[in-house]
Visitor: 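Here it is: the structure, laid out below.
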Amino acid sequence: MTDTVLTKEKRSRADVIQRLAAFGALLLLIVAFSIASPYFFTFDNIVGILIATAVNGLLAIGVTFIIITGGIDLSVGTVMTLSSVMAAVFVKRWGLPIPLGILAAVLTGTIAGFLNGVMISRMKLPPFIATLGMLNVARGLSLVITQLSPIYFPLESGWNNIAMGSVLGAIIPGFDIPNGVLIMFAAAAVAGLILSKTVIGRYTFAIGSNEEAARLSGVNVAIWKMAIYALGGIFVGLGGVVIAARLNSAQPALGLGYELDAIAAAVIGGVSLSGGEGTILGTIIGAFIISTLTNGLRILSVPQEWQIVVTGLIIILSVYLDIIRRRAKA
Amino acid sequence: MDDMLVQMQGIDKTFPGVHALKGCDFDLKRGEVHALVGENGAGKSTLMKILSGIYDMDAGQILLKGQPVSIPNPHAAQKMGISMVHQELNLMNHLTAAQNIFIGREPLNFFFLDEHALNQNAAKIFEMMNLAVQPWMKVADMTVAKQQMVEIAKALSFNSEVLIFDEPSAALTDVEIKELFRIIRQLKDNGVGIIYITHRLEELFQISDRVTVLRDGAYVDTVKTEDATINQIIKMMVGRVIYESAPEVPEDRGQDIVLEVRNLSSDNVLKNVNFNLKRGEILGFAGLVGAGRTETARAIFGADPYDSGEIYINGERVNIKNPSDAVAHSVAYLSEDRKRYGLCLGLDVKKNIVITIYEKVTAFIGWVREKFVASIASKIVEQLSIRTPSLDQKVKNLSGGNQQKLVIGKWLAKDADIMIFDEPTRGIDVGAKQEIYSLLNDLAAQGKSIIMISSELPEILRMSHRVVVMCEGRVTGELDYTEANQESIMQLATQRNGGNSVPVNA
Ligand SMILES: Nc1ncnc2c1ncn2[C@@H]1O[C@H](COP(=O)(O)OP(=O)(O)OP(=O)(O)O)[C@@H](O)[C@H]1O
Ligand SMILES: [Mg+2]
C-alpha cells in the first residue's frame, strides 16, 4: 500500500536539481580558483583544462554506456593505449594515410569492447573480471607490439593536428580551441542522442534497470549487450586517437589508471553504479570537475600527492550527495 | 476441433532436485477463461512459463491450433500470439510506463525513437482499461497495484490470442480487480483464450469457464466451473476437505497495552494516527489500498521516518529510528512486497530464515553454528510446510507462495513480542492459509501481540479480535469483533474528507 506517489513534475525537478548540483559544483570550483589565482581564468589555462578533459571525457562517455547497463569496464584505459598503438603502427610503420590510422584506432576500441561483451553475455563472466582480463591483455599487447618503446608520429604527417590543430582558430582568429576538444564535444553530442533517442540507448537503460524483465519482454539481451559494449569501445578508440595526437606518439606504458578517472567522472556526473541511471551531460560535467580540480590545485601549487587525495575526497562526497538525494526522493 | 487454441500434452519438467511437472495436460479454447489452480509449488507457473517460452520442457508436446510447435524463447511466444503477465512484477523501474509496455517494439521516427507515438499508444491502452496512469510516469513512482496494471497493459498491447495471467489479482485492489474482470470478459468476447491462475478461489466462479487442478506437479482433472463447488476444487487441490472456522477469541482477553501509538503523522501520508495493541491480541487493520496501513506499520518499525507523534511500548516511550531499533524492542514487520523487502533471493532457505537471529546462532567471534541453523530452519520449514527440495535451495527457485511462507518463517524464528503482518496470505494457497491462520492464533494464545494488515475482508473478519479501520491516512474507527462486519468496516473505510481522527467507538 505504498501510495506515496511523486508527481512527474516533482520527480523531474529532483533530477534537474541533481544536474544543476553537479554543474553548480563545477561553477563553484571555477569561481573559487579564479579568486584564488589570477592565472586560473586565463584563455590559455582554460584551453589547458579543455584539452586535459578531452581524453578522459571520451573514455568516460564510453564507460557511461557500460555502467548504465549495470556493468563496469575496467579496460578503457589500456584499450585506449592499444588503440593509439594501432594507429601508430598503421601511420608510422606502414606509412598508411591518417584516416586509416584513425579507423584502426576506432576499430581496435570497438573490437575490444565487443569482445568484452562476448565474454560477459555469452561466456557469462562477471563484467569486473572480463574487463580486468581485457585490461591486462590490451596492456600486454601494446607492449609487445611496440617492443616496449614509444612510437613517434612523423611531425610532417600532420597527425598532431588531429587533436592540437585548431579548425576553430582558423575561422575565428585568436579563438584557438584545439580540435581534440571539439572531437570530445561532438562525440558527447552524438552519444547523448544515442542514449536518449535511439533503441540501443533505450535498451541500455532497460538492461541496467532490470535485465530479467528486459529478457522476458523479448529483448535479446545478449546481443544488445555486445552491441553496447562495442559502442562504448568506439569512444574509447576515439580517446586513443586524441591521446596519440596530443602526444604525437603512442606511449605503450600509458593508460593504467585512466579507467578509474573515467569511472569517477561518470559517477560524479550522476551515473548510478547499480545501473539504469545516468546522462552523457552529467558525465561530461563530471569529467570537467576532475580536470578543473587537478588544474586548479596545480596552479595553487598544491603538491601532487595532495591533489590525488582531494580527487578521492571529491568522488566520495559527490556519490554521498547523490545517495542523499535519492533518499530524499524515495 | 477448430476452436482449440492450445493443447499441452504430457509436459514434463525437472529442476535440479525438483520434479516440477509430471506429464501434465492442459488445453485452451478460443473465447474461454480457463483457470489453473493448485497448491503453492504445484507447478502452475512452471507450466505456463513453458508455454510462454521461458523454460524448455523435458518431454511432451505443445500444439498451437492443432500444429505442433516449439517455443524456444519469450520472443517466439509473443510472435505466436502468446503473452503472459507474470506472478512477480517484471518491470524496469527506471523506465516510464509507456517505455515498459513497448520495450522491444519501440515506434521509430527514421532512426530515432518516437516518444510521442509511444506515449499515445500507451495512453490508448490505458483508456481502454479505464486506468488513470500517465504514460510518461516512471514505474518506480507507482504503487504496486498500478505497476501490476502496467504489466497487464503490456500483455494486452500484443493483441495476443492467448493471454496468461499468473495471479494477477494478488496485488490488486477490489476496484482494479473489477476492471480486470471487465477487460477479461471483453477479450473473451473477441475470441481471445485466457488462462487465469489464482489462489482466491471465489474468483473462479466470477470469471472462469473451466478449471484445471494440478497437484504436486501432476494433472488432477479439468472441470466445468458451473458444475463444480469450491469444496470440490479444494479437495482436488489438497486431497482433503478444509473447513472454514470462526475467529478464535480467548475468553479472558488481556488488557495490558503493549503498543500504543499517539498522533502519528508523516508528510501527507499519515494524519494523527492513534491506536493501541493489547497483549495476546490480533488487531486487524482494514481499509482500502492507499489508506496508510502499510505506512503506519513502516513508521512504527522504523523503516520510514515520521514527522510527529509518539510510540509507547509496554508503557515506555520509545524512539525507533530504524528497523534494528525495532527488532531490539522485539517488534517484527513482515512486509507486503516479499521480493523487494522481504527476502535475499540469491541466498538459500536456511540463511534467509536465520537472518534475523544471527546473534543467536553464532558462537565465539561470529562463528556460525551451522547445525543449529539447520535445526531451526528445518523446524520452520516443517511448521509452515514450505515446499523446498532442501534447506540449501536458493530462495529465488522457490514458487511464489513458498517464498511468501518463508518471509513469515523468518519472523517466526525471531520470536518477537509484537508482530506486524502485512498481507500475510497474499499468494498463498487455501491449505497453507489455514495453517497460517492457526499459526497466528497460536502466537496470540502464547501472548504475542499481532497486527494483521489485510485487504481481504473475510480474512480480517475471521481473524481479528479488534479491527482498526483507516481511510486516507486517518484512523476512521475501531471495532470490536462483535461489531465488525462487511458493512461497518466498508463504511469506515470509505469515510473520506479531511478532519481529525476521532475514534468512533460505537
Ligand atoms: N527455476 C527453478 N529452479 C528450481 N526449482 C524451481 C524453479 N522454478 C520452480 N521450481 C520448483 O518447481 C516447483 C513448482 O513451482 P511453480 O512456481 O510452478 O509453483 P506454483 O504452482 O506456481 O506455486 P505458487 O502458487 O506458489 O506460485 C516448486 O517446487 C519450485 O520450488
Ligand atoms: Mg506460481
Side-chain angles (χ1 to χ4, degrees), chain A residues 1-15 67-70 126 190 192-224 270-279 324 326-330, chain B residues 52-54 73-79 84 86 89-96 99-106 108-109 111-113 115 134 136-146 154 173 267-269 287-295 297-298 304 336-337 422-423 453 455 473:
Chain A
M1 260 110 295
T2 328
D3 234 350
T4 15
V5 178
L6 276 174
T7 58
K8 189 196 179 206
E9 299 78 63
K10 229 176 168 180
R11 160 72 65 159
S12 55
R13 208 186 313 146
D15 282 350
I67 298 180
I68 295 177
T69 66
V190 172
L193 270 184
I194 293 177
L195 194 56
S196 61
K197 296 274 187 266
T198 68
V199 171
I200 192 170
R202 175 62 42 81
Y203 293 167
T204 305
F205 284 101
I207 291 171
S209 182
N210 187 343
E211 185 170 333
E212 179 65 5
R215 196 177 69 81
L216 291 179
S217 306
V219 174
N220 194 330
V221 171
I223 287 186
W224 283 105
V271 180
S272 158
L273 275 178
S274 50
E277 268 179 277
T279 59
I324 291 182
R326 259 168 243 267
R327 204 180 294 155
K329 268 205 296 190
Chain B
S52 58
I54 293 164
N73 55 50
H75 194 61
Q78 281 164 7
K79 277 205 185 136
M84 173 160 177
H86 290 276
L89 286 171
N90 267 299
L91 293 169
M92 288 147 283
N93 282 334
H94 298 91
L95 304 191
T96 68
Q99 290 170 353
N100 264 285
I101 291 173
F102 291 103
I103 187 79
R105 300 170 291 152
E106 289 77 6
L108 293 184
N109 197 343
F111 188 62
F112 294 110
L113 295 167
E115 215 70 19
Q134 305 295 353
W136 53 82
M137 194 160 165
K138 267 198 190 170
V139 166
D141 300 338
M142 297 181 183
T143 59
V144 175
K146 286 273 155 51
K154 180 170 162 187
T173 68
D267 188 38
N268 296 330
V269 189
L288 304 176
V289 170
R293 295 167 300 166
T294 294
E295 285 77 4
R298 287 178 59 91
D304 291 331
E336 60 171 337
D337 187 341
D422 199 346
E423 307 284 356
I453 301 172
S455 297

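Bear in mind the structure is a predicted one, so any value in this text is a computation, not a measurement. Chain identifiers are assigned alphabetically (A, B, ...) following the order of the sequence lines, protein sequences preceding nucleic acid strands; residue numbering begins at 1 within each chain.
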Visitor: So how far is it from B:Asn73 CG to A:Asn220 CG, rounded to the nearest 0.5 Å?
Guide: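 Going from the CG atom of B:Asn73 to the CG atom of A:Asn220 covers 8.0 Å.
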Visitor: Quick one: pull up CG in A:Leu216 and CG in B:Leu91 and give me the separation to the nearest 0.5 Å.
Guide: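 Rounded to the nearest 0.5 Å, the CG-CG separation comes out at 11.0 Å.
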Visitor: Nearest 0.5 Å, please: how far is CZ in B:Arg105 from OG in A:Ser217?
Guide: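 Going from OG on A:Ser217 over to CZ on B:Arg105, the span is 8.5 Å.
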Visitor: Decide yes or no on side chain to side chain contact (heavy atoms under 4.5 Å, CB included) for A:Ser272 and B:His94, but give the supporting numbers first.
Guide: CA-CA 11 Å; A:Ser272 158; B:His94 298 91; 5.8 Å; no
Visitor: Does any backbone or side-chain atom of B:Lys154 lie under 4.5 Å from a heavy atom of chain A? Answer side chain, backbone, both or neither.
Guide: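 For B:Lys154, side-chain heavy atoms alone lie under 4.5 Å from chain A.
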Visitor: Between atom NZ of A:Lys197 and atom CG of B:Asn109, what is the distance when rounded to the nearest 0.5 Å?
Guide: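 One finds 11.0 Å between NZ of A:Lys197 and CG of B:Asn109.
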Visitor: Of all heavy-atom pairs between B:His75 and A:Gly218, which one has the smallest distance, and what is that distance?
Guide: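 The answer is ND1-O, 3.5 Å.
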Visitor: Would you say A:Tyr203's side chain and B:Ile103's backbone share a donor-acceptor pair under 3.5 angstrom?
Guide: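 Not confirmed, A:Tyr203 side chain does not pair with B:Ile103 backbone.
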Visitor: Would you check if B:Glu115 and A:Arg202 make a side-chain contact, meaning some heavy-atom pair closer than 4.5 Å?
Guide: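 Side chain of B:Glu115 against side chain of A:Arg202, heavy atoms only: contact under 4.5 Å found.
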Visitor: Grab the two heavy atoms, one from B:Leu113 and one from A:Ser196, that are nearest each other, plus how far apart they are.
Guide: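 Heavy-atom minimum between the residues: CD1-O, 4.2 Å.
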Visitor: Quick one: CE on B:Met92 to CD on A:Glu212, what's the gap to the nearest 0.5 Å?
Guide: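 The CE atom of B:Met92 sits 11.0 Å away from the CD atom of A:Glu212.
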Visitor: Is A:Val199 close to chain B through its backbone or its side chain, or both, or neither, when contacts mean heavy atoms under 4.5 Å?
Guide: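 Backbone plus side chain of A:Val199, per the 4.5 Å heavy-atom cut-off to chain B.
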Visitor: For a quick test of reading the model, state the closest non-hydrogen atom pair linking B:Pro74 to A:Arg215 and the distance between them.
Guide: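 What the structure gives for the nearest pair is CG-O, 3.9 Å.
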